[in-house]
K.L.:
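Before I ask anything, let me first share the structure, which is written out below as structure tokens.
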Number of protein chains: 2
Amino acid sequence: MLDRANIGHPWWHGRFRGCGYRLTIPREAILDVLSKTSRHLSAEDIFLAVHKVYPAVGLTTIYRTLELLVQMRLVFKFDFGDKRARYELAEGTKGIRHHHHLVCTRCGRIIDYTDFIDEEKELLGQTEKGLSKKFNFKITNHIIQFYGLCDKCQNKG
Amino acid sequence: MLDRANIGHPWWHGRFRGCGYRLTIPREAILDVLSKTSRHLSAEDIFLAVHKVYPAVGLTTIYRTLELLVQMRLVFKFDFGDKRARYELAEGTKGIRHHHHLVCTRCGRIIDYTDFIDEEKELLGQTEKGLSKKFNFKITNHIIQFYGLCDKCQNKG
DNA sequence: CCTTTATTGATAATGATTATCATATTCAAT
DNA sequence: ATTGAATATGATAATCATTATCAATAAAGG
Ligand SMILES: [Mn+2]
Ligand SMILES: [Mn+2]
Ligand SMILES: [Zn+2]
Ligand SMILES: [Zn+2]
């Protein structure tokens, strides 16, 4: 039910054309897994999910492909303080879905938030402009993360 | 010239009283190193610096002490995307010196900035309040990092 | 000095990520 | 379809920052 013809999210096909990269089964399978979750998966998470459908795909390929996808800006790579890197699709069919994160330092839960983004954008724009000028620094990216305790973890020792 | 009597930054002595923790030579040496730099040192950096004065101090103690200092909130631990953790004294004699970072993705240079913090504070306050309410999340900390190219790295391939 | 507890350092183990390298796949040109 | 160069893959071993162990030390308080 996850055969090649059925995967066909055409919107990332175009990204591979012209880069010299090939859109192979492992690569599509990885994009497919990422596109079907709202969680922030580790390389091993992705490996296990892909493994169910394509048991021949190795962990090395997962790492290699993720590195490629990050470099192509199709995927974001995050560090939330547990030891493993976490990956998330950078855009959906509707374009880039920019958001920031709340990270629970007790249970590791990650919450995406997109509210307040508008106000943040305003300030970030100003800040980036000021910083670029003052330090002659070309900003390409930023991360904002709030750490603390999620609702469940506040009601425990 | 870095003997015990000479180190005596009394302001962190108090932090160890009442916690059951002892202010030992290795711990003071580590705090001393951190207090004398504006750079963002790795555990090994600190090890090497301490080693010059107290060659008997082992790397394990550096890691253990840093973990303790982070937990005591005397030191901040950062991840700037190179593989090693980076450490920075959380406060000076004047109290906490809150700031954010610019990270050059090419040469790894880290720039502290404290300008724009006031405007940021305003927005962060609002955002934290809104997020806390909406998600019932108790925020204790945040990180903001801008990634890009520093002035030197813009003028290279 | 003695006892208890906290701290230390040498060493080995861990675990996520990378490097290697021989094999397999793709794709365009016959 | 066949071929052949370029690209991609997977099993395996290597890296390397960080942790776990554990016996030896040092501090604190009588
Ligand atoms: Mn997210
Ligand atoms: Mn800093
Ligand atoms: Zn939680
Ligand atoms: Zn640079």
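Computed from heavy atoms alone, side chains included, the values below leave out hydrogens, waters and symmetry copies. Order of the sequence lines sets the chain letters (A, B, ...), proteins ahead of strands, with each chain counted from 1.
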K.L.:
Do any N or O atoms of the protein come closer than 3.5 Å to N or O atoms of nucleotides 18-21 of chain C, and which pairs are they?
P.N.:
from	atom 1	to	atom 2	distance (Å)
C:dT18	OP1	B:K83	NZ	3.0

K.L.:
Check the surroundings of atom CD in A:E44: do more than 12 heavy atoms from other residues, nucleotides or ligands lie under 6.0 Å from it?
P.N.:
no
K.L.:
What's the CG-P distance between A:L66 and C:dA16, to the nearest Å?
P.N.:
15 Å
K.L.:
Going by side-chain heavy atoms closer than 4.5 Å, which hydrophobic residues are tied to A:L123, directly or by a chain of links?
P.N.:
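Once heavy-atom contacts under 4.5 Å are chained together, A:L123 belongs with B:L123.
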K.L.:
Would you kindly give the CD-to-P distance between A:E44 and C:dG15, to the nearest whole Å?
P.N.:
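After rounding, the gap between these two atoms is 11 Å.
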K.L.:
Starting at atom OH of A:Y54, determine the distance to atom P of D:dA8, rounded to an integer number of angstrom.
P.N.:
18 Å
K.L.:
So, is B:T24 close to the C:dT8 phosphate, meaning a side-chain N or O under 4.0 Å from OP1 or OP2?
P.N.:
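For B:T24, the contact criterion (side-chain N or O under 4.0 Å from OP1 or OP2 of C:dT8) is met.
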K.L.:
Relative to the 5' end of DNA chain C, which residue comes earlier, A:A43 or B:V57, by the nucleotide with the nearest heavy atom?
P.N.:
B:V57
K.L.:
Determine whether A:H101 and A:I144 make a side-chain contact, defined as any pair of heavy atoms from C-beta on separated by less than 4.5 Å.
P.N.:
no
K.L.:
For the pair made of CZ in B:R84 and P in D:dT18, what is the distance, rounded to whole Å?
P.N.:
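Distance check: B:R84 CZ to D:dT18 P gives 7 Å.
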K.L.:
Are a donor atom and an acceptor atom from the side chains of B:E88 and B:H99 found within less than 3.5 Å of each other?
P.N.:
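Note: B:E88 and B:H99 side chains meet the donor-acceptor criterion.
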K.L.:
B:L23 CG to C:dA6 P: how many Å, rounded?
P.N.:
17 Å
K.L.:
Taking 4.0 Å as the cut-off, does a side-chain nitrogen or oxygen of B:T61 come that near to OP1 or OP2 on C:dT7?
P.N.:
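It does not, given that no N or O in the side chain of B:T61 lies less than 4.0 Å from OP1 or OP2 of C:dT7.
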K.L.:
May I have the distance from A:R86 (atom CZ) to C:dT17 (atom P), rounded to whole angstrom?
P.N.:
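Interatomic distance, CZ of A:R86 to P of C:dT17: 9 Å.
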K.L.:
Is a side-chain N or O of A:E67 found less than 3.5 angstrom from the main chain of A:I62, in a donor-acceptor match?
P.N.:
no
K.L.:
Is B:L68 close to B:Y21 at the side-chain level, that is, under 4.5 Å between some pair of heavy atoms?
P.N.:
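In contact.
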K.L.:
I want to check one thing: is the phosphate of D:dA8, taken as OP1 and OP2, less than 4.0 Å away from some side-chain N or O of A:R27?
P.N.:
yes
K.L.:
Measure the distance from CD1 on B:I46 to P on D:dA17 and round it to the nearest whole Å.
P.N.:
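For the pair B:I46 CD1 and D:dA17 P, the rounded distance is 14 Å.
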K.L.:
Let me spell it out: for each of B:I62 and B:G20, pick the nucleotide of DNA chain C with the closest heavy atom. Which residue's pick is nearer the 5' end?
P.N.:
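Checking each residue's closest nucleotide, the 5'-ward one belongs to B:G20.
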K.L.:
For the helix from C:dC1-D:dG30 to C:dT30-D:dA1, measure the angle between the helix axis at one end and the axis at the other, each built from five pairs, rounding to 10°.
P.N.:
30°
K.L.:
Restricting to nitrogen or oxygen on both sides, can you table the protein-nucleotides 3-5 of chain D pairs closer than 3.5 Å?
P.N.:
none

K.L.:
If only side-chain N and O atoms count, and only distance matters, is there a donor-acceptor pair under 3.5 Å linking B:H40 with B:D112?
P.N.:
yes
K.L.:
Is A:F146 close to B:E128 at the side-chain level, that is, under 4.5 Å between some pair of heavy atoms?
P.N.:
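B:E128 vs A:F146: side chains touch.
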K.L.:
Looking at B:D32, is its backbone amide N or carbonyl O close enough to the side chain of B:S35 to form a donor-acceptor pair, meaning the two atoms are under 3.5 Å apart?
P.N.:
yes
K.L.:
With sequence neighbours left out, write down each residue that passes side chain to side chain donor-acceptor pair (under 3.5 Å) with B:Y147, or none if nothing qualifies.
P.N.:
B:Q145
K.L.:
Would you kindly give the CG-to-C1' distance between B:L68 and D:dT19, to the nearest whole Å?
P.N.:
16 Å
K.L.:
Within the 3.5 Å criterion, strictly below it, is a donor on B:H100 or B:H142 matched to an acceptor on the partner's side chain?
P.N.:
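Yes.
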K.L.:
Which residue pairs satisfy the salt bridge (Lys or Arg N to Asp or Glu O under 4.0 Å) criterion with at least one member in residues 139-155 of chain A, sequence neighbours excluded?
P.N.:
A:R109-A:D151
